2 protein chains.
Amino acid sequence: MPKKVDHQKRKIQIAETTWKVIVEEGIEQATVRKIAQASDFSVGAVRHYFASQSELLHFSMELVSERVMQRAKERKFSKEQNPLEFVTEGICEILPVDEERKIEMEVWLAFSAKVLVDKTLQELSNKVYQDIHQGLKNVVQALQLFEIAKKELDLGLEVNRLHAIVDGMAMHHLLNPEQFTREEMIATLNYHLKSILQ
Amino acid sequence: MPKKVDHQKRKIQIAETTWKVIVEEGIEQATVRKIAQASDFSVGAVRHYFASQSELLHFSMELVSERVMQRAKERKFSKEQNPLEFVTEGICEILPVDEERKIEMEVWLAFSAKVLVDKTLQELSNKVYQDIHQGLKNVVQALQLFEIAKKELDLGLEVNRLHAIVDGMAMHHLLNPEQFTREEMIATLNYHLKSILQ
DNA sequence: TTTAATTTAATACAGTTGTACTAAATTAAG
DNA sequence: CTTAATTTAGTACAACTGTATTAAATTAAA
């Protein structure tokens, strides 16, 4: 008998508006009132979908990781493709190579700074670290299976290194886009990947 | 005739208390009142040394970079020393290898997230990026001069890569200290440096 | 001791915050 | 059309915010 709204869709809609506010004004300006206004809801409506502000923020952070993971899962390798290219493109799913990915990374950075003092976000941060680490491990192993990458690599250290390069470059490009351009970022990734090839 | 207080020392003292508040409660809790209370001053006293909150925060961020730069400048190379060791230890001045450096990096991360939406912090962020980039460039060139590192390296890309590794690892260790330990961080640095040797 | 500039403390104010609460609006089913 | 649960809007409140103002305290020099 009542009006039926897709709760999940509404939550996602509000979370994406939260991203927008965070990107434009910073996470400390991501107040309930501002998010409500930006998403054309009343404060009461937002509160109807999220019991508290921290629940809203947690959901918004989770949505970032879900989007990245979703894209990663959708990727399929076709036999005709160059494996190195395939791997490079896969890593570019994480890097801020376009506006969409830039927004996700900016939001993620804002939340990451919060992780240090917010225990409830640590679990999510750790999970995402693990997931990406595993993904990159698969990348290196795949290159070895294809007999493209060197066999004598120390897998653990190699993955640590690649993971640090990816996140380090992402941060550098976000914070200093003129000094470390998108093109430099991609060139540096290619340079590194080539360095572990046979 | 008046009481004479060393202004600079007071400002540094208050800025270090600001670090403490940021590390313990996050940058959004770095309010004038809290910083005053934590540093055993009245709000009026703090305001006497900093005309506004943003001036205080800017000074506190600047102090982080000054500390790191100061340590870097103090380092002297003695002929008996192993150049690779010297370089490794130099890079560890930036990495969060001990409590002091951890605090500095945590504060820096908190400010970095603010850089994206605070134009007045961007200049400082860019300057520090440049300084560290130049420092790491000197490192790679020094290793080449000593005929330790490969000559055929692409200097620009190599420095980009090293810089990303350093900051990426710093972030990973801060956010996930159990999953990416201090020892792994140092081992990964050594592994990378070895990889560019002849 | 007197003097005067620096330093400190306390209070006030207007604005914002998260959250709670209530009543109204909406709308799908009977 | 009625009904009733969901959804929305608006308001209220106590706490906290940055900043301004004012008067008091401090203390080195005359």
Side-chain angles (χ1 to χ4, degrees), chain A residues 1-22 24-62 110-111 113-114 117-121, chain B residues 1-22 24-62 110-111 113-114 117-121:
Chain A
M1 302 139 184
K3 183 174 169 184
K4 258 297 177 191
V5 173
D6 186 331
H7 265 234
Q8 198 59 15
K9 268 192 183 166
R10 268 287 155 83
K11 288 176 85 169
I12 289 174
Q13 183 187 352
I14 295 170
E16 284 179 341
T17 308
T18 304
W19 292 2
K20 197 174 137 84
V21 174
I22 290 174
E24 286 172 2
E25 309 188 51
I27 197 164
E28 59 275 354
Q29 290 299 314
T31 64
V32 178
R33 277 173 179 78
K34 230 166 216 169
I35 293 164
Q37 194 175 12
S39 55
D40 271 323
F41 288 115
S42 69
V43 175
V46 171
R47 216 188 164 296
H48 183 251
Y49 296 102
F50 296 99
S52 70
Q53 185 196 30
S54 72
E55 191 183 310
L56 200 176
L57 293 180
H58 190 279
F59 183 90
S60 301
M61 183 175 185
E62 221 161 9
F111 278 116
K114 243 180 144 37
V117 288
D118 186 339
K119 296 264 176 196
T120 70
L121 294 178
Chain B
M1 303 144 184
K3 181 175 172 184
K4 258 297 175 194
V5 173
D6 185 331
H7 265 234
Q8 198 60 16
K9 269 192 183 168
R10 269 286 155 83
K11 288 177 85 168
I12 290 174
Q13 182 187 351
I14 294 171
E16 285 179 339
T17 308
T18 304
W19 293 3
K20 198 174 136 81
V21 174
I22 290 174
E24 287 173 1
E25 308 189 50
I27 199 166
E28 59 275 356
Q29 289 300 313
T31 63
V32 177
R33 279 173 178 81
K34 228 165 217 169
I35 293 165
Q37 193 175 12
S39 55
D40 272 324
F41 288 116
S42 69
V43 174
V46 170
R47 217 190 164 296
H48 184 251
Y49 294 103
F50 295 98
S52 69
Q53 186 198 30
S54 71
E55 192 181 310
L56 199 178
L57 292 180
H58 190 279
F59 183 90
S60 300
M61 183 176 185
E62 220 160 12
F111 278 116
K114 243 180 144 32
V117 289
D118 186 339
K119 296 261 176 199
T120 70
L121 294 178

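Here is how names work: the chains are called A, B, and so on, in the same order as the sequence lines, proteins then strands, and each is numbered from 1. All values reported here derive from a predicted model rather than from experimental measurement.
Spacing between atom NZ of B:K11 and atom P of C:dT7 amounts to 12 Å, rounded to whole angstrom units. One atom, CD of A:Q37, and another, P of D:dT8, lie 17 Å apart when rounded to the nearest Å. A straight line from CD of B:E28 to P of D:dT17 spans 11 Å, rounded to a whole angstrom. In this structure, the NZ atom of A:K34 is 12 Å from the C1' atom of C:dG15, given to the nearest Å. Atoms CD (B:Q29) and P (D:dT17) sit 6 Å apart, rounded to a whole Å. Atom CD1 in A:I35 sits about 14 Å away from atom C1' in C:dT16, given to the nearest Å. For the pair A:K9 NZ and D:dT7 C1', the interatomic distance rounds to 17 Å; values are reported in whole Å. The separation between A:L57 atom CG and C:dG18 atom C1' is 12 Å, rounded to whole Å.
The side chain to side chain donor-acceptor pair (under 3.5 Å) check on B:T120 picks up B:D118, with sequence neighbours excluded. A:E62 is linked by a side chain to side chain contact (heavy atoms under 4.5 Å, CB included) to A:H58, A:E66, A:L124, counting only residues two or more places apart in sequence or in another chain. Taking the side chain to side chain donor-acceptor pair (under 3.5 Å) definition, one finds that A:S52 meets it with A:S54, sequence neighbours left out. For B:D40, the side chain to side chain contact (heavy atoms under 4.5 Å, CB included) criterion is met by no residue, not counting sequence neighbours. Here A:E25 pairs with A:K34 under the side chain to side chain donor-acceptor pair (under 3.5 Å) rule; sequence neighbours left out.
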Could I get a table of every N or O pair under 3.5 Å where one atom is in the protein and the other is in nucleotides 8-11 of chain C?
from, atom 1, to, atom 2, distance (Å)
C:dT8, OP1, B:R10, NH1, 2.8
C:dT8, OP2, B:R10, NH1, 3.3
C:dT8, OP2, B:Y49, OH, 2.7
C:dA9, OP2, B:S42, N, 3.4
C:dA9, OP2, B:S42, OG, 3.4

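Take the nearest nucleotide of DNA chain D for A:D6 and for B:S54: the residue whose nucleotide is more 5' is A:D6.
Each of A:Q8, A:Q13, A:K11, A:E55 was compared with A:Y49 under the side-chain contact (heavy atoms from CB on, under 4.5 Å) criterion, and only A:K11 meets it.
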